[in-house]
J.: 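Once you've had a glance at the structure underneath, I'll fire off some questions.
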Amino acid sequence: MSKAWQCSNDGEWDVITEVVFADTRGKAKTYFKNMETFDWFDFCELKPYRVKSLDHLNKPDGYIMDWLKDE
């Protein structure tokens, strides 16, 4: 069962947050690293953290949540 993971950038101008669904923290880091949002981050700088409140959405592994869609 995939779990919800969130990662944010620490930009000076704005903060961008992304959510992916993955089985482990390591897989979540890999998904985040492959996103355009975090491609300028070093892999070791990414700090995914769990968002248990979104686990009920239960999307497939590697799914990237789109905040602009209501579903």
J.: Check step by step if side-chain contact (heavy atoms from CB on, under 4.5 Å) holds for K3 and N58.
T.: CA-CA 7 Å; K3 302 170 194 158; N58 193 22; over 6 Å; no
J.: Short question: side chain of W5, backbone of A22 - any donor-acceptor pair under 3.5 Å?
T.: yes
J.: Between CG of L46 and CD of E18, what distance do you get to the nearest 0.5 Å?
T.: 11.5 Å
J.: If you round to the nearest 0.5 Å, how far is OG of S8 from NZ of K47?
T.: 13.5 Å
J.: Spell out, as yes or no, whether a donor-acceptor pair under 3.5 Å connects the side chain of R25 to the backbone of Y49.
T.: no
J.: Nearest 0.5 Å, please: how far is NZ in K33 from CZ in F43?
T.: 9.0 Å
J.: With sequence neighbours left out, what residues match R50 under salt bridge (Lys or Arg N to Asp or Glu O under 4.0 Å)?
T.: D55
J.: Got a sec, which residues hit ring pair (Phe, Tyr, Trp, His ring centres under 6.0 Å) with F38, two or more places apart in sequence or on another chain?
T.: F32, F41
J.: Working to the nearest 0.5 angstrom, can you tell me the gap between L54 CG and K59 NZ?
T.: 11.0 Å
J.: Can you tell me how far OG of S53 sits from CD of Q6, rounded to the nearest 0.5 angstrom?
T.: 8.5 Å
